[in-house]
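Take a look at the structure below.
In this text, all values refer to a predicted model and were calculated from it rather than measured experimentally.
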Amino acid sequence: MSGFQEHRYLVVTDLDSSLLDEDYGYAGAEDCLALMSEMGVPLVFNSSKTYAELRALASDVSVCSGVVAENGGMVGPRGNGPLCEAAGDSYGFCCQHSGMSRRRILEHVHGIREACGYRFEGFADWSVAEVVERTGLSVRGAELAMERESTEPIVWSDSEGAWNAFVMGLEAVGVRAVRGGRFIHLMGMVDKVGGMRWFSERYAEAYPEVHWTTVAVGDSENDLAMLEAADIPVVIPHVGGARIKPKHGAARVANSPGSAGWGQAVREIITS
């Protein structure tokens with residue numbers, strides 16, 4: 001790549017069952033995160049989690065340089081650096097919204113449910129205690145997960161035929177349904193790919209002397225498009241093996257599930 005003075009990596013990662021273990025910890029990746037901080041490798045959280053959840057995790061993971069919340073519904077660079085066009089909020093992020101609001105999504109999907117009698121429930125139907133039970137989060141974690149602005153996670157309990165009809169009804173009003181690790185996420189026409197590209201383009205603009213290689217890490221169908229759009233896709237397997245297979249010549253599968261596999265795979269890439 002003539003004309004570039006430096007080559008650097010940008011790591012964009014899913015969280016649940018990728019960087020985070022089932023207990024929401026990341027002990028297996030701590031050494032790699034420390035190395036990334038030393039090397040100046042930016043890390044972007046790209047998740048179905050809310051901005052409130054991501055900023056809480058970022059307070060513990062200092063190398064995190066930005067967040068993509070609710071599957072692309074919000075992007076937020078960290079700090080007042082070159083990616084921020086204005087001063088950050090009280091949590092240190094410069095947030096921008098995209099896509100349909102959750103309020104509008106709920107108007108659509110609950111209207112369809114009432115009209116057609118579909119059987120499903122989502123965060124808007126549950127109390128904090130029910131979210132705790134369904135997610136394994138702490139009470140505070142559940143409260144943060146319920147601060148949704150751009151998506152609605154649901155659990156479907158109706159037939160496959162009803163699901164197909166439901167999806168068609170959603171598409172007619174501009175709502176997408178994406179299967180994640182724990183829930184089906186209803187959202188506007190945004191996705192993790194758009195969030196990743198937003199950051200990769202901003203880094204390229206802010207540091208024109210650098211050739212950036214984007215590494216995307218994920219484990220589920222919700223991450224597949226993001227991995228296929230990256231320069232280097234990394235699949236984090238589950239106990240029974242990898243659940244997705246990106247159509248990408250540079251794709252690799254970590255050697256173990258969760259944060260340990262994440263740390264091993266990312267370390268190998270950034271030190272190669």
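What you find for Glu130 and Asp125 is that their closest heavy atoms are OE1-O, 4.0 Å. Contact detail for Ala58 and Arg78: the closest heavy-atom pair is O-NH2, 2.9 Å. When all heavy atoms of Ala142 and Leu137 are compared, the closest pair comes out as N-CB, 3.9 Å. Across every non-hydrogen atom of Arg8 and Pro42, the tightest pair is NH2-CD, 4.2 Å. Closest approach of Leu144 to Ala56, counting heavy atoms only: CD1-CB, 3.9 Å. Closest heavy-atom contact between Ile154 and Phe166: CD1-CE2, 4.2 Å.
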Checking Gln264 against Glu268 for the side chain to side chain contact (heavy atoms under 4.5 Å, CB included) test, could you report, in this order, the C-alpha distance in whole Å, the side-chain angles of both residues, the deciding distance, and whether it holds? CA-CA 6 Å; Gln264 163 265 324; Glu268 286 185 359; 3.1 Å; yes
Apply salt bridge (Lys or Arg N to Asp or Glu O under 4.0 Å) to Arg103 and Glu107, showing your working. CA-CA 6 Å; Arg103 178 190 60 78; Glu107 288 177 358; 2.7 Å; yes
Given the rule in the side chain to side chain contact (heavy atoms under 4.5 Å, CB included) test, do Asp191 and Asn71 qualify, once you have shown the distances and angles that lead to the verdict? CA-CA 5 Å; Asp191 55 25; Asn71 291 312; over 6 Å; no
Check against side chain to side chain contact (heavy atoms under 4.5 Å, CB included), Leu170 and Leu186: CA-CA 9 Å; Leu170 294 180; Leu186 308 182; 3.8 Å; yes
Could you go through Arg104 and Ser101, starting from their C-alpha distance and side-chain angles, then the distance that decides it, and tell me whether this counts as side-chain hydrogen bond (donor to acceptor under 3.5 Å, both in side chains)? CA-CA 5 Å; Arg104 188 61 176 157; Ser101 70; over 6 Å; no
List the steps, then state whether side chain to side chain contact (heavy atoms under 4.5 Å, CB included) holds for Leu20 with Lys49. CA-CA 12 Å; Leu20 301 183; Lys49 291 182 180 296; 4.0 Å; yes
Run the numbers on Lys192 and Asp14 for salt bridge (Lys or Arg N to Asp or Glu O under 4.0 Å), then give the verdict. CA-CA 9 Å; Lys192 287 187 170 185; Asp14 173 55; 3.0 Å; yes
Using salt bridge (Lys or Arg N to Asp or Glu O under 4.0 Å), reason through Arg179 and Glu221 one step at a time and then give a plain yes or no. CA-CA 7 Å; Arg179 294 183 184 273; Glu221 181 182 342; 5.3 Å; no
Is there a side-chain hydrogen bond (donor to acceptor under 3.5 Å, both in side chains) between Ser150 and Glu70 once you walk through the steps? CA-CA 6 Å; Ser150 304; Glu70 297 190 56; 4.6 Å; no
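Separation of atoms CD (Glu53) and OG (Ser47) is listed at 7.0 Å; rounding is to 0.5 Å. The distance from atom CG of Leu15 to atom CG of Asp219, rounded to the nearest 0.5 Å, is 10.0 Å. Interatomic distance, Ser65 OG to Leu10 CG, rounded to the nearest 0.5 Å: 6.5 Å. Separation of atoms SG (Cys32) and OH (Tyr26) is listed at 13.0 Å; rounding is to 0.5 Å. Taken to the nearest 0.5 Å, the OG atom of Ser37 stands 11.5 Å off from the CE atom of Met39. In this structure, the separation between CG on Asp21 and OG on Ser259 is 3.5 Å, given to the nearest 0.5 Å.
Within 6.0 Å of atom CG in Asn255, more than 12 heavy atoms from other residues, nucleotides or ligands are found, so the atom counts as buried in its surroundings. The 12-atom threshold is exceeded at CD of Glu205, counting heavy atoms of other residues, nucleotides or ligands nearer than 6.0 Å. Within a 6.0 Å sphere centred on CZ of Arg182, heavy atoms belonging to other residues, nucleotides or ligands number more than 12.
The backbone N or O of Ala162 lies less than 3.5 Å from no partner atom in the side chain of Asp158, so there is not a single donor-acceptor pair. Under the 3.5 Å distance criterion, the side-chain polar atoms of His238 are left unmatched by any main-chain donor or acceptor of Gly240. Judged by distance alone, with hydrogens and angles left aside, the side-chain atoms of Arg252 form no donor-acceptor pair with the main-chain N or O of Pro233 at under 3.5 Å. Between the side chain of Asp60 and the backbone N or O of Leu57 there is no donor-acceptor pair closer than 3.5 Å. Remark: side-chain polar atoms of His7 are not paired, donor with acceptor, to backbone N or O of Val210 under 3.5 angstrom. Side-chain N or O atoms of Ser157 include one that pairs as donor or acceptor with a backbone N or O of Arg119 at under 3.5 Å.
With Ile236 as the fixed residue, the side chain to side chain contact (heavy atoms under 4.5 Å, CB included) test singles out one of Leu19, Val217, Ile244: Val217. The side chain to side chain donor-acceptor pair (under 3.5 Å) test with Glu152 is passed by exactly one of Arg102, His108, His110, His185: Arg102.
Looking at heavy atoms from C-beta onward, Met100 lies out of side-chain contact with Met187 at the 4.5 angstrom threshold. Looking at heavy atoms from C-beta onward, Lys245 lies out of side-chain contact with Val235 at the 4.5 angstrom threshold. Annotation: side chain of Val44 is not in contact with side chain of Val11 (no heavy-atom distance under 4.5 Å). Side-chain contact between Thr214 and Tyr203 is absent, with no heavy atoms from C-beta onward closer than 4.5 Å. Here the side chains of Val234 and Val215 are in contact, with some heavy-atom distance below 4.5 Å. Side-chain contact check for Ile270 versus Leu35: some heavy-atom pair is nearer than 4.5 Å. At least one side-chain heavy atom of Tyr51 sits less than 4.5 Å from a side-chain heavy atom of Asp89. Contact annotation: the side chain of Asn46 approaches that of Met226 to within less than 4.5 Å [non-hydrogen atoms, C-beta and beyond].
Using a 30° and 60° split on the angle between ring planes, Phe123 and Phe183 fall in the perpendicular class, above 60°.
A donor-acceptor pair shorter than 3.5 Å cannot be found between the side chains of Arg197 and Ser200. Under the 3.5 Å distance criterion, with hydrogens and angles disregarded, a donor-acceptor pair is assigned to the side chains of Trp262 and Thr13. For the residue pair Arg55 / Tyr91, a side-chain donor-acceptor distance below 3.5 Å is found, with atom types taken as modelled.
In the hydrophobic cluster analysis, where Ile, Leu, Val, Met, Phe, Trp and Tyr join through side-chain heavy atoms closer than 4.5 angstrom, Ile112 is grouped together with Trp156. No continuous path of hydrophobic side-chain contacts links Leu106 to Met74 [ILVMFWY only; heavy atoms under 4.5 Å]. Linking Ile, Leu, Val, Met, Phe, Trp and Tyr whenever their side-chain heavy atoms come within less than 4.5 Å puts Phe199 and Val193 in one cluster. Under the 4.5 Å side-chain heavy-atom criterion for Ile, Leu, Val, Met, Phe, Trp and Tyr, Met36 and Tyr9 are members of the same hydrophobic cluster. By the criterion of side-chain heavy atoms lying less than 4.5 angstrom apart, applied directly or through intervening Ile, Leu, Val, Met, Phe, Trp or Tyr residues, Val155 is not grouped with Ile105; the two fall into different hydrophobic clusters.
Aromatic rings from Trp163 and Phe120 are positioned such that their centres are separated by 6.0 Å or more.
Of the charged side-chain nitrogens involved, none lies within less than 4.0 Å of a carboxylate oxygen, so that Glu228 and Lys247 do not count as a salt-bridged pair.
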